[in-house]
Amino acid sequence: MNGHTVSTDVLIAGGGSVGLMLAVLLRHHGVKPRVVEEKPELSHHPRANGIGLRSVEILREVGLEQAVNEAAVDLRAGKIRGRTLAEADFTEGVAWKTRGEAEFTYTPARIRGTCAQNRFDRVLITKAGDVEFGVALDSFEQDSDGVTATLSDGRVVRARYLVAADGVRSRVRQILGVGLTGPGVLGQETTSVLFRADLRPRKPFAMCDIEHPDAPGLLVTVDGQREWVFLTRLGTEPTPEHIRTALGDPSIEVEIRSVLTFRGRGQVADRLSVGRVFLVGDAAHAIPPLGAFGLNTGIADAHNLAWKLAHVLRGEAEPELLETYHAERHPVALMTMEQALLRFNDPSLHWGQDMAEARKAAGAINAPVVHMGYRYGGAELPSTEDVALDLDGSPGSRLPHMWVADGVSTLDLVGSQWCVLTADPGVAADVPVHVVDGWPYGTLLVRPDGFVAWRGEEGLAEALRRCTSGA
């Protein structure tokens with residue numbers, strides 16, 4: 001197959017969750033990317049388990065919110081603990097965060113429980129288009145017009161842009177020579193065991209800290225019935241007997257399906273873009289796991305980049321718009337890594353109850369603010385605890401959510417395009433204008449990704465010209 005050249009607008013190296021999400025978003029914006037993934041198939045061993053509400057908003061935008069909810073496990077408890085699972089006290093566990101609708105007045109998103117990464121990927125691939133498994137990106141060169149990439153099967157791909165979604169050891173990042181900031185590898189090696197065991201009819205839970213001295217670890221639900229992950233630092237590969245000990249049931253049948261070992265990492269690439277090449281997900285940043293920030297930060301990367309690529313490819317914005325990807329996402333990645341590191345060193349900052357004062361003293365930000373309350377442009381947050389106070393219509397923040405009709409949010413009005421939201425019926429613009437009764441935030445120019453680009457009562461036409469040109 002040497003010498004065979006194919007062309008594409010966007011080549012995505014890596015078909016994990018973030019690569020698939022980027023493909024879904026690009027196709028949503030009318031761009032058909034080419035995705036290559038070195039592994040032979042979708043991973044059946046989940047590495048992440050928490051889909052945040054901002055990610056659910058993005059899934060809602062592309063029509064996948066309901067599908068992910070169907071793939072999620074309905075839960076009544078979050079993290080519990082016990083000497084064994086059989087001895088765990090469900091009444092003292094951390095309550096699952098979706099327990100009340102009134103708790104989330106700042107978002108239309110809902111997720112009924114937890115969605116393991118392997119189940120999440122099976123939803124994404126339904127809208128990701130063609131994904132070539134068993135094919136890696138070997139090398140590439142870029143010039144002023146595009147990127148020429150050589151694949152492991154000998155084919156050559158000519159792309160206008162290349163996006164690296166190829167993980168923490170990103171080959172693309174290494175070829176670019178981009179350095180890393182952060183402590184790097186953290187803590188002890190952890191073994192992750194994917195296993196099958198029928199644990200019905202126990203109450204559904206997200207995670208259980210197992211404190212048995214012969215089998216300490218963390219039990220994580222995958223499907224809430226028969227499929228589970230056991231995370232442990234035993235120092236030896238766990239056996240079915242270890243898992244039965246952790247479960248507190250010596251008679252239960254246990255089938256180990258796969259075993260992975262890993263160590264947490266804290267690192268952020270010094271550049272998220274070099275010319276026509278962009279880094280997303282773990283290739284851009286490795287976030288310690290506590291807080292469920294890593295995967296969700298990668299999804300936000302894809303959301304930020306997809307509309308910008310689409311606008312430039314269609315000639316609706318100047319290429320300079322793509323320079324804002326690094327400018328906006330790099331500070332968010334650094335902040336997120338720092339917040340995860342604080343939790344890595346003191347898990348009570350995340351799991352503890354009534355910890356606002358302790359977080360303030362430690363410089364920690366409440367998890368919903370990390371997920372959704374950040375701002376592009378470096379403006380100081382009104383609150384590090386209450387995300388609703390941060391979503392106030394200020395430029396750089398995510399558009400405030402209000403219900404405008406049955407099941408329709410102001411976020412839904414954006415429709416993945418530039419638009420204006422206002423309470424003033426006299427406002428006119430060359431983009432859709434949505435007049436919302438009782439809208440208290442002034443006249444807002446909103447980007448296709450739902451972030452506020454401008455707020456004011458005069459100068460809308462100039463703001464629209466400047467923002468949409470990418471200048």
Any ring pair (Phe, Tyr, Trp, His ring centres under 6.0 Å) involving residues 387-411? Give me the pairs, sequence neighbours left out, ordered by first then second residue.
H401-W403
Just to verify, what does E37 make a side-chain contact (heavy atoms from CB on, under 4.5 Å) with, not counting sequence neighbours?
K39, F133
Contacts satisfying side chain to side chain donor-acceptor pair (under 3.5 Å) that involve residues 330-339 (not counting sequence neighbours) are Q339-R343
List the atom pairs, donor and acceptor, that lie under 3.5 Å between side-chain atoms in residues 418-431 and the rest of the protein, sequence neighbours left out.
from : atom 1 : to   : atom 2 : distance (Å)
T422 : OG1    : D424 : N      : 3.0
T422 : OG1    : T443 : OG1    : 2.9
D424 : OD1    : G426 : N      : 2.8

Salt bridge (Lys or Arg N to Asp or Glu O under 4.0 Å): pairs with one or both residues in residues 431-453, sequence neighbours excluded:
E328-R447, R447-D449
Would you please test F230 and F195 for ring pair (Phe, Tyr, Trp, His ring centres under 6.0 Å) and show each step?
CA-CA 8 Å; F230 185 53; F195 70 94; 7.2 Å; no
Heavy-atom closest contact (N296 atom, S55 atom, distance):
OD1-OG, 2.6 Å
Salt bridge (Lys or Arg N to Asp or Glu O under 4.0 Å) contacts in which one or both residues fall within residues 405-417, not counting sequence neighbours:
R60-D412
Could you list the residues that satisfy side-chain contact (heavy atoms from CB on, under 4.5 Å) with R263, not counting sequence neighbours?
V185, E189
In terms of heavy-atom contacts, R173 and A283 come closest through NH1-O, 2.9 Å
Counterpart residues, salt bridge (Lys or Arg N to Asp or Glu O under 4.0 Å), relative to R276 (two or more places apart)
none
Sequence neighbours excluded, which residues qualify as salt bridge (Lys or Arg N to Asp or Glu O under 4.0 Å) partners of D166?
none
Ring-plane angle category for Y374 and F451, please: parallel below 30°, perpendicular beyond 60°, tilted otherwise.
parallel
Within residues 13-23 or reaching into it, pairs that qualify as side chain to side chain donor-acceptor pair (under 3.5 Å) - sequence neighbours excluded
S17-Q117, S17-D121
Could you tell me whether a side-chain N or O of R119 sits under 3.5 Å from a main-chain N or O of A71, the two making a donor and an acceptor?
yes
What residues form a side-chain contact (heavy atoms from CB on, under 4.5 Å) with E462, not counting sequence neighbours?
R465, R466
Residues two or more places apart in sequence or in another chain: which of them pass side-chain contact (heavy atoms from CB on, under 4.5 Å) with Q225?
R200, D223
